[in-house]
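Before I ask anything, let me first share the structure, which is written out below as structure tokens.
Just so it is clear, the values below take in all heavy atoms, side chains as well, and ignore hydrogens, waters and symmetry mates. Note that the structure is a prediction, hence the values are computed from the model and not measured. One-based numbering along the sequence shown.
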Amino acid sequence: MSELLERAHELFDGFEAELKSELPQAAGNFDAHTHLGTDIDGMVGRPEELMAMLDRYGFSRCNVFCLDEPDRHPSFRAGNDRTLAFAEKSNGRFIPYVRLDLSESPIEEAERCLDLGARGIKLHPRAQKFVLDDERLAPVFAIASERQVPILIHGGRGLPPIADHLHDLVERYENVQLIIAHAGIADLSGLAGHFAGTPGVFFDTSVWSAVDLLSFFRLVPPEQIVYASDYPYGGQPGSLLLMLRSARSAGLTEAQIVELLAGNANRIAEGATPLEPSQPQGADVLQQPMAMARIHQYLSMAMPLIYSRQQDGFGALGLALNATNERNGHVEELGQIRELLEAARELWRTLPEAEDDTESRIVARTTARLIHLADIIAVTT
């Protein structure tokens, strides 16, 4: 197992070099969505690891907030205090957001943390089990408007359509800046329909699928997009490679990509006027080699299995590997995919040998990272 994990990290290092050659040399790169702490699902975000990731990829700052912590009661107070402490030690590189639970004194906790230096508000309707027509949201938007701080809200999996109710809140509190996380995939067409072209409403790029991002770029102007990793759930080199290759496939210019990596989020953090939105870019039709389409299909089948730490009883990874044998003029890309998936297959097979939950999690997440890189190549080739 240790040799296979070492091999996986060698592959990541190789892609890191490739990524750095593709990464624009922009000043002030900014990760708009990161977590520190310990989640009830066992995920851990460590400040030293996050800082090292920022340094390694040339990022100056990031927004940071706590996870769904075991000691989240009452009011996420303990997690918010840790976030503020991490930010204080970061020399300005961690921009702290206060996480709120609508059922536990949200306004009091928001005021307390904003007074102590928090510079934004984080809401998670799936984790904290509320819907967007909840009357308790209005005072949260009111305090964000009064204090002139942004709200970052979960917009990914596990939600019903949220666009109409969120639009009502933004209309009511017009000067609130909003960041919709995970490219708003929970209700992408609705959210884009309401907010594309609305200055001050942003979407972050923290998703797994390049198909989601390619669809997203054709609906949302680049001036309303901020790069995000969703650390520790998202990591490098996958997160940045996914964003860069999807953005370039959609036709974004290098200047627009620099704004997406740096300018847009920095303006939010500094309270500056956002850029006027232009037009979305990208195609309504995805064209790709048939072998790559098959690989993406099989890898999409494999990912839920490894995330839930099951064995690949269906054989999805084997089907994806067999598809790399096709000769379609993309020899280099198919070779990269094959190398990643061979390493993933061998590592996945060791999952039953894991001695404890920590080791099992490391094996599963490393395998998933290998598969993710393979899928990015398949979709963006």
* Asked: Does a donor on one side chain and an acceptor on the other come within less than 3.5 Å for Arg294 and Asn322?
  -> no

* To do: Write down the atom of Ala364, the atom of Arg309, and the distance for their closest heavy-atom approach.
  => CB-CG, 3.8 Å

* Report the C-alpha distance between Arg245 and Thr380 in whole Å, list the side-chain angles of each, state the deciding distance to 0.1 Å, and finish with yes or no for side chain to side chain donor-acceptor pair (under 3.5 Å). => CA-CA 6 Å; Arg245 293 196 175 178; Thr380 59; 4.8 Å; no

* Please find out if less than 6.0 Å separates the ring center of Phe195 from that of His167. => yes

* **Within one Ile-Leu-Val-Met-Phe-Trp-Tyr cluster: Leu67 and Val44, side-chain cutoff 4.5 Å** => no

* Asked: More than 12 foreign heavy atoms under 6.0 Å from NZ of Lys20: is that the case here?
  -> yes

* Asked: For atom CG of Asn91, is the number of surrounding heavy atoms from other residues, nucleotides or ligands below 6.0 Å larger than 12?
  -> no

* **Near-ring test Phe314/Tyr298, centroid separation under 6.0 angstrom** => no

* Hey, what do you get for CD (Glu109) to CD1 (Ile121), rounding to the nearest 0.5 Å? -> 11.0 Å

* Side chains of Gln281 and Gln256: donor-acceptor distance under 3.5 Å anywhere? -> yes

* **Polar side chain donor-acceptor pair, Gln336 to Glu18, under 3.5 angstrom** => yes

* **side-chain contact (heavy atoms from CB on, under 4.5 Å) between His182 and Arg157, worked out** => CA-CA 8 Å; His182 312 304; Arg157 65 183 180 84; over 6 Å; no

* Does the side-chain contact (heavy atoms from CB on, under 4.5 Å) test come out yes or no for Ile153 and Ile179, once each step is laid out? -> CA-CA 6 Å; Ile153 187 165; Ile179 304 171; over 6 Å; no

* More than 12 heavy atoms from other groups under 6.0 Å of CD on Glu10 -> yes

* **Distance-only side-chain donor-acceptor flag, Asn264 / Gln224, under 3.5 Å** => no

* Would you please indicate if the ring centroids of Phe203 and Phe216 are separated by under 6.0 Å? => yes

* To do: Please say whether more than 12 non-hydrogen atoms of neighbouring residues, nucleotides or ligands are located less than 6.0 Å from CD in Gln279.
  => no

* Asked: Just by modelled atom types, is the Ser145 backbone N or O under 3.5 Å from a matching donor or acceptor in the Gln148 side chain?
  -> yes

* To the nearest 0.5 angstrom, please state how far the CG atom of Leu123 sits from the CG atom of Leu137. => 6.5 Å

* **More than 12 heavy atoms from other groups under 6.0 Å of CD on Glu6** => no

* Identify the two heavy atoms, one from Ala323 and one from Ala291, that lie closest to each other, and give their separation to 0.1 Å. => O-CB, 3.9 Å

* Side-chain heavy-atom pair Ile306, Asp312 within 4.5 angstrom cut-off -> no

* What distance separates Leu299 CG from Leu321 CG, expressed to the nearest 0.5 Å? -> 8.5 Å

* Pick from Met43, His35, Glu49: which one makes a side chain to side chain contact (heavy atoms under 4.5 Å, CB included) with Tyr231? -> Glu49

* Asked: Looking only at heavy atoms, what is the nearest atom pair of Leu219 and Ala192, with distance?
  -> CB-CB, 3.7 Å

* Asked: When you check the gap from the basic side-chain N to the acidic O, do Arg136 and Asp101 get nearer than 4.0 Å?
  -> no

* How many angstroms lie between SG in Cys62 and CZ in Arg93, if you round to the nearest 0.5 Å? -> 8.0 Å

* **Leu370 CG to Arg365 CZ distance, which is reported to the nearest 0.5 Å** => 12.0 Å

* Non-hydrogen atoms of Ser229 and Met53 that approach each other most closely -> OG-CE, 3.8 Å

* **Greater than 12 external heavy atoms within 6.0 Å of Arg172's CZ** => no

* To do: Report yes if the side chains of Tyr97 and Val149 come closer than 4.5 Å at any heavy-atom pair, otherwise no.
  => no

* If you group Ile, Leu, Val, Met, Phe, Trp and Tyr by side-chain heavy-atom gaps below 4.5 Å, do Leu152 and Phe141 land in one group? -> no

* **Six-ring centre of Phe12, Arg369 cation under 6.0 angstrom, axis tolerance 45°** => yes

* Take His33 and Phe65 through the test ring pair (Phe, Tyr, Trp, His ring centres under 6.0 Å) and record every step on the way to the result. => CA-CA 8 Å; His33 185 148; Phe65 25 86; 5.2 Å; yes

* To do: Output the distance between atom CG (Leu4) and atom NE2 (His9), rounded to the nearest 0.5 Å.
  => 11.5 Å

* To do: May I have the step-by-step check of side-chain contact (heavy atoms from CB on, under 4.5 Å) for Leu100 and Lys122, ending in yes or no?
  => CA-CA 6 Å; Leu100 300 180; Lys122 167 66 186 295; over 6 Å; no

